[in-house]
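Have a look at the structure below before the remarks.
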Amino acid sequence: MKTVDTMRFGTIEVEEDKIVHFAQGIPAFEDEHDFVVIPYDEESPYFFLQSLQTPDLAFLMTVPYLFFKDYEFEIDDETQAKLALEAPDDVLVYVLLTIPHGSIKDMTANLMAPVVINAKTMQAKQLVLEKSKYTTKHRLFNEQETAGKEAR
């Protein structure tokens, strides 16, 4: 068990087998290698990717298939080998979220750079998809959905 101080969650205990390891860090955070995935709450589709090195570094993320049913991409052979991915069930996929100006209705997902985690080994990588139809800012909620929710 590892004890970690965080800004958002206070001091937490992390089981060693729950530590997500990014061998090369995350783009723009190359020195950050160890994280833990923390659910927002039991019912929520959101998760935090909390750094174990930097207390105030946590990324909000979600499972993309909950919001983008047709989302798909290929994991190249080199990445599959580095992450020791052997079966589809080994693969966990998340995408990082942005909440512009604190407005949840304008939340966007970075579908161009999914986070791929081997559920067995907890090795991970944020892939940057090349020649992709996706962007870094796909709205989670379309404007009609948010207008309907606000009217209620």
Side-chain angles (χ1 to χ4, degrees), residues 1-75 79 83 85 89-130 132-150 152:
M1 198 70 87
K2 183 173 185 164
T3 302
V4 179
D5 291 320
T6 71
M7 289 276 293
R8 179 176 298 275
F9 307 103
T11 302
I12 60 173
E13 298 268 325
V14 180
E15 295 176 38
E16 295 290 335
D17 64 348
K18 300 289 186 209
I19 295 174
V20 178
H21 183 73
F22 291 80
Q24 297 164 329
I26 293 177
F29 298 91
E30 287 80 7
D31 293 335
E32 298 286 338
H33 298 280
D34 293 325
F35 292 81
V36 65
V37 175
I38 301 173
Y40 185 83
D41 67 36
E42 286 183 29
E43 309 271 323
S44 176
Y46 306 112
F47 301 84
F48 289 97
L49 185 63
Q50 172 66 54
S51 168
L52 299 186
Q53 291 125 273
T54 307
D56 61 344
L57 182 62
F59 299 99
L60 183 62
M61 59 185 193
T62 193
V63 175
Y65 312 107
L66 298 175
F67 295 92
F68 306 97
K69 303 290 185 217
D70 298 333
Y71 183 62
E72 62 183 13
F73 63 93
E74 288 188 28
I75 301 172
T79 300
L83 297 181
L85 296 171
D89 290 346
D90 295 348
V91 182
L92 299 176
V93 177
Y94 296 96
V95 291
L96 301 184
L97 302 175
T98 301
I99 305 175
H101 315 294
S103 173
I104 290 175
K105 68 182 175 98
D106 295 326
M107 192 173 351
T108 61
N110 180 350
L111 299 183
M112 186 180 274
V115 172
V116 177
I117 302 172
N118 181 326
K120 289 183 181 172
T121 67
M122 300 309 281
Q123 294 298 307
K125 181 174 183 174
Q126 184 177 21
L127 302 179
V128 178
L129 305 177
E130 295 182 23
S132 171
K133 63 183 177 183
Y134 301 114
T135 71
T136 59
K137 298 202 179 294
H138 286 268
R139 288 181 67 106
L140 252 59
F141 309 108
N142 67 40
E143 296 194 29
Q144 287 136 347
E145 282 179 350
T146 56
K149 288 178 184 172
E150 289 171 1
R152 287 184 212 158

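We count residues from 1, following the sequence as given.
Atom OG1 of Thr121 and atom CG of Asp17 lie 11.5 Å apart (nearest 0.5 Å). With rounding to the nearest 0.5 Å, the separation of CE in Met112 from CG in Leu127 is 12.5 Å. In this structure, CZ on Arg139 lies 12.0 Å from NZ on Lys137, to the nearest 0.5 angstrom. Summarising the geometry, atom CG belonging to Asp106 is positioned 10.5 Å from atom CD1 belonging to Ile99; distances are rounded to the nearest 0.5 Å. Interatomic distance, CD of Gln126 versus CD of Gln24, reported as 12.0 Å (0.5 Å rounding). Between the OG1 atom of Thr136 and the CG atom of Leu129 there is a distance of 12.0 Å, given to the nearest 0.5 Å.
Side chain of Asn118 to backbone of Leu83: a donor-acceptor contact under 3.5 angstrom is found.
Considering all non-hydrogen atoms of both residues, Val91 and Val116 come closest at CG1-CG1, 3.9 Å. Closest approach of Val37 and Pro39 over heavy atoms only: O-CD, 4.0 Å. Of all the heavy atoms in Met107 and Phe141, the pair that sits closest is CE-CE1, 4.1 Å.
In this structure, Tyr71 and Phe73 have tilted ring planes: the angle between them lies in the 30° to 60° band.
Side-chain contact between Val36 and Ile12 is present, with heavy atoms from C-beta onward closer than 4.5 Å. You'll find the side chain of His138 stays beyond 4.5 Å of the side chain of Thr108, heavy atoms only.
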Tabulate below the donor-acceptor pairs under 3.5 Å that side-chain atoms of residues 46-66 make, not counting sequence neighbours, or state none.
unit_1, atom_1, unit_2, atom_2, d
Gln50, NE2, Pro55, O, 3.3
Gln50, NE2, Leu57, O, 3.1
Ser51, OG, Glu32, OE1, 2.5
Ser51, OG, Gln53, N, 3.0
Ser51, OG, Thr54, N, 2.9
Gln53, OE1, His33, N, 3.4
Gln53, OE1, Asp34, N, 2.9
Gln53, NE2, Asp31, O, 3.0
Thr54, OG1, Glu32, OE1, 3.4
Thr54, OG1, Glu32, OE2, 2.3
Thr62, OG1, Pro45, O, 2.6

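Applying the salt bridge (charged side-chain N to carboxylate O under 4.0 Å, His left out) rule to Lys120 yields the partners Asp90; only residues at least two apart in sequence or on another chain are considered.
Other residues, nucleotides and ligands place no more than 12 heavy atoms under 6.0 Å from the CD atom of Glu130. Summarising the local packing, CD of Glu72 is surrounded by 12 or fewer heavy atoms from other residues, nucleotides or ligands at distances under 6.0 Å. Crowding of Glu74 atom CD: a count of heavy atoms from other residues, nucleotides or ligands under 6.0 Å not exceeding 12.
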**Message:** Would Thr98 and Asn110 count as a side chain to side chain contact (heavy atoms under 4.5 Å, CB included) here? Give the steps.
**Reply:** CA-CA 8 Å; Thr98 301; Asn110 180 350; over 6 Å; no
